[in-house]
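For reference, the structure is listed below as structure tokens.
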Amino acid sequence: MSDRPLRLGFPVKVMGRPGLKSNDTRRWRQNPHLKTSLEYLDAIFDYLVQMGIDMYRMSSDLAPYATHPDMPQFHDMVAESDAELAALGRRARELDIRLSFHPSQFVLLNSPDPSLTAKSIWDLSSQAEMLDRMGMGPEGVLVTHVGGVYGDREESRARWIKGYEQCPDHVRRRLVLENDDIRFSAADVLWIHERCGVPLIFDYQHHWCLNPEGLALRPTLERILRSWPEGVRPKIHFSSPRTEMREIKRKVTEKEREAAKSASPRKGALTKGVVKPTSRIKTVLLPPVWTGHADFTNPFEFATFMREAEGLEFDVMLEAKTKDLSLLRLRTDLFRYAPDVASRFGAGPAGAAVLAEQMLDQGMEAEAVGDDDG
């Protein structure tokens with residue numbers, strides 16, 4: 001095992017520092033460019049260093065319109081940014097920041113439509129090229145899902161392998177496959193790995209949401225970690241499910257208005273507030289959907305998982321809604337509730353006060369690290 005502590009990372013949007021943009025979001029008429037995105041990314045690196053964060057997922061829109069089929073004026077921007085990519089990649093290596101991409105849900109290697117598969121390969125090629133020009137090592141990966149079921153799960157799994165085999169070498173060197181929460185389980189991606197060798201990402205929450213085969217967590221995690229090449233540290237995804245009531249806006253029906261007039265409300269979903277005879281919209285309160293990501297990471301759930309994974313080596317991408325704020329809060333929580341887990345991420349007791357101060361700098365009131373009566 002490596003002597004390097006495990007990393008915690010977060011995806012794309014920085015929430016703890018106002019004004020930090022993750023990519024050039026200007027519309028095509030304003031000629032957005034990858035070079036502008038890289039300037040934004042350089043500023044994000046400054047923030048990561050200040051906060052002691054050494055793992056980050058870059059925006060899949062880093063190179064705007066670079067693969068838009070109807071806008072050839074943008075197709076050369078990755079090559080045009082070679083010097084800037086090389087310089088920023090050199091800085092990332094010096095800072096030991098692990099970078100990755102997670103292409104959008106529209107990137108589908110198992111589509112029955114060959115033109116969509118070809119466009120997806122183009123998208124992957126562009127992002128792999130950026131990592132190559134940055135000089136990032138094999139830990140710089142592209143994370144993707146199997147895709148759609150299209151009425152036949154087995155055929156869709158097999159078709160993903162065909163799409164993977166069509167990818168150019170520089171894509172296959174970086175592509176990794178993740179289990180998802182509603183279509184393809186850990187067993188499915190392991191089946192694919194056994195047939196084409198693609199490394200796998202273990203997603204903790206997805207595994208709880210979709211595991212019809214009943215695979216046990218620790219053995220499954222071990223199998224997925226072994227799918228990575230020797231000498232390359234795997235990474236996993238971790239998130240906690242949302243637990244709060246959902247507030248959904250719905251139109252008020254005529255029957256509900258009539259019921260409101262007679263003061264005899266209809267049975268059904270719990271509503272927030274009173275539905276009046278003049279109401280057009282109501283707020284319905286519904287229980288959570290467990291596939292949704294929570295705003296923050298539950299430290300007790302995370303510590304329990306990490307103790308289950310004792311002795312295994314991997315970096316962790318946190319997929320909470322509050323991004324870097326969740327990461328900072330989790331680190332301080334681990335100091336208090338699970339110092340044994342905190343130490344695996346290189347966080348000794350001396351760093352507790354520093355992290356608590358960082359939390360306060362972000363406008364988040366962290367609980368004191370130590371005894372309740374201290």
Side-chain heavy atoms of Leu328 within contact of Met51, under 4.5 Å: yes
Nearest 0.5 Å, please: how far is CD1 in Ile44 from CG in Leu20? 6.0 Å
Under 4.5 Å between side-chain heavy atoms, hopping through other hydrophobics if needed: is there a path connecting Tyr47 to Leu327? yes
Is there side-chain contact between Glu247 and Val284, with heavy atoms separated by less than 4.5 Å? no
Can you find a side-chain donor-acceptor pair between Ser239 and Gln205 that sits under 3.5 Å? yes
Arg4: salt bridge (Lys or Arg N to Asp or Glu O under 4.0 Å) partners, not counting sequence neighbours: Asp54, Asp96
Which atom pairs, one a donor and one an acceptor, fall under 3.5 Å between side chains of residues 78-85 and the rest of the protein, sequence neighbours left out?
unit_1	atom_1	unit_2	atom_2	d
Glu80	OE1	His33	NE2	2.9
Ser81	OG	Met77	O	2.8
Asp82	OD1	Arg133	NH1	2.8

For the residue pair Phe74 and Tyr65, what are the closest heavy atoms and their distance? CB-O, 3.3 Å
Taking the ring of His75 and the ring of Trp122, is the distance between their centroids below 6.0 Å? yes
Could you tell me whether the side chains of Thr297 and Ser326 share a donor-acceptor contact shorter than 3.5 Å? yes
Will you find, in the side chains of Asp113 and Ser111, an N or O donor that is under 3.5 Å from an N or O acceptor? no
I'd like to know whether Met55 forms a side chain to side chain contact (heavy atoms under 4.5 Å, CB included) with Leu8, so could you lay out the CA-CA distance, the side-chain angles of the two residues, the decisive distance to 0.1 Å, and finally the verdict. CA-CA 6 Å; Met55 185 176 177; Leu8 288 175; over 6 Å; no
One pair to check against salt bridge (charged side-chain N to carboxylate O under 4.0 Å, His left out): Arg183 and Asp180. What are the steps and the verdict? CA-CA 6 Å; Arg183 296 184 181 90; Asp180 66 63; 5.6 Å; no
Note: Ala92 and Met136 closest approach over all heavy atoms is CB-CE, 4.1 Å
Salt bridge flag under 4.0 Å for residues Arg329 and Asp333: yes
Give every residue pair that meets the ring-ring contact (aromatic ring centres under 6.0 Å, His included) criterion with at least one member in residues 161-185, sequence neighbours excluded. Trp160-Tyr164
Least distance between heavy atoms, Leu41 atom then Met58 atom: CD2-SD, 3.5 Å
Same apolar cluster: Leu318 and Tyr56, side chain cutoff 4.5 Å: yes
Return yes when atom CH2 of Trp208 has more than 12 non-hydrogen atoms of other residues, nucleotides or ligands closer than 6.0 Å, and no otherwise. no
Test side chain to side chain contact (heavy atoms under 4.5 Å, CB included) on Ile192 and Val198 and set out the steps. CA-CA 8 Å; Ile192 291 173; Val198 62; 4.1 Å; yes
When rounded to the nearest 0.5 angstrom, what distance separates CG in Leu124 from OG1 in Thr67? 9.5 Å
Got a second to check how far Leu225's CG is from Ile236's CD1, nearest 0.5 Å? 7.5 Å
Nearest heavy-atom pair of Ala158 and Trp191: which atoms, and what distance? N-CZ3, 4.2 Å
Under 4.5 Å between side-chain heavy atoms, counting indirect links through other Ile/Leu/Val/Met/Phe/Trp/Tyr residues: same cluster for Ile224 and Val141 or not? no
Let me check something: do Val49 and Leu88 share a hydrophobic cluster, defined by ILVMFWY side-chain heavy atoms less than 4.5 Å apart, either directly or through other members? yes
May I ask you to decide if Phe10's main-chain N or O and Arg57's side chain share a donor-acceptor pair within less than 3.5 Å? no
Residues Ser185 and Asn211: side-chain donor-acceptor under 3.5 angstrom: no
Would you name the heavy atoms of Ile182 and Leu210 that are closest together and state the gap between them? C-CD2, 3.6 Å
Would you call the rings of Phe202 and Phe305 parallel, tilted or perpendicular, where under 30° means parallel and over 60° means perpendicular? parallel
When you measure from the side chain of His293 to the backbone of Lys321, do you find a donor-acceptor pair of N or O atoms at a distance under 3.5 Å? no
Trace of the side chain to side chain contact (heavy atoms under 4.5 Å, CB included) decision for Phe45 with Arg91: CA-CA 9 Å; Phe45 281 8; Arg91 188 180 182 209; 3.4 Å; yes
Enumerate donor-acceptor pairs with a distance under 3.5 Å from any side-chain N or O in residues 97-109 to protein atoms, sequence neighbours excluded.
unit_1	atom_1	unit_2	atom_2	d
Arg98	NE	Glu139	O	3.1
Arg98	NH1	Arg233	O	3.1
Arg98	NH1	Asp315	OD2	2.9
Arg98	NH2	Glu139	O	3.3
Arg98	NH2	Arg233	O	3.0
His102	ND1	Val143	O	3.1
His102	NE2	Glu178	OE1	3.2
Ser104	OG	Phe106	N	3.3

Please lay out, stage by stage, how Leu131 and Arg174 fare under the test side chain to side chain contact (heavy atoms under 4.5 Å, CB included). CA-CA 9 Å; Leu131 289 168; Arg174 296 195 181 274; 3.6 Å; yes
For Asn23, is there any backbone N or O sitting under 3.5 Å from a side-chain donor or acceptor partner on Ser37? no
Could you note down all residue pairs passing salt bridge (charged side-chain N to carboxylate O under 4.0 Å, His left out) where residues 193-207 supplies at least one of them, sequence neighbours left out? Glu194-Arg223
Do the side chains of Val316 and Val176 join up, straight or via other hydrophobic residues, at under 4.5 Å, putting them in one cluster? no
For a 4.5 angstrom cut-off between non-hydrogen side-chain atoms, does Leu175 reach Thr144? yes
Pairwise salt bridge (charged side-chain N to carboxylate O under 4.0 Å, His left out) hits with a residue in residues 300-309, at least two apart: Arg307-Asp340
Can you confirm whether Pro32 sits close enough to Arg27 that some side-chain heavy atom of one is under 4.5 Å from a side-chain heavy atom of the other? no
Does Lys119, at its NZ atom, have more than 12 non-hydrogen atoms belonging to other residues, nucleotides or ligands within less than 6.0 Å? yes
Would you say the side chain of Ile121 lies within less than 4.5 Å of the side chain of Gln166, judging by non-hydrogen atoms? yes
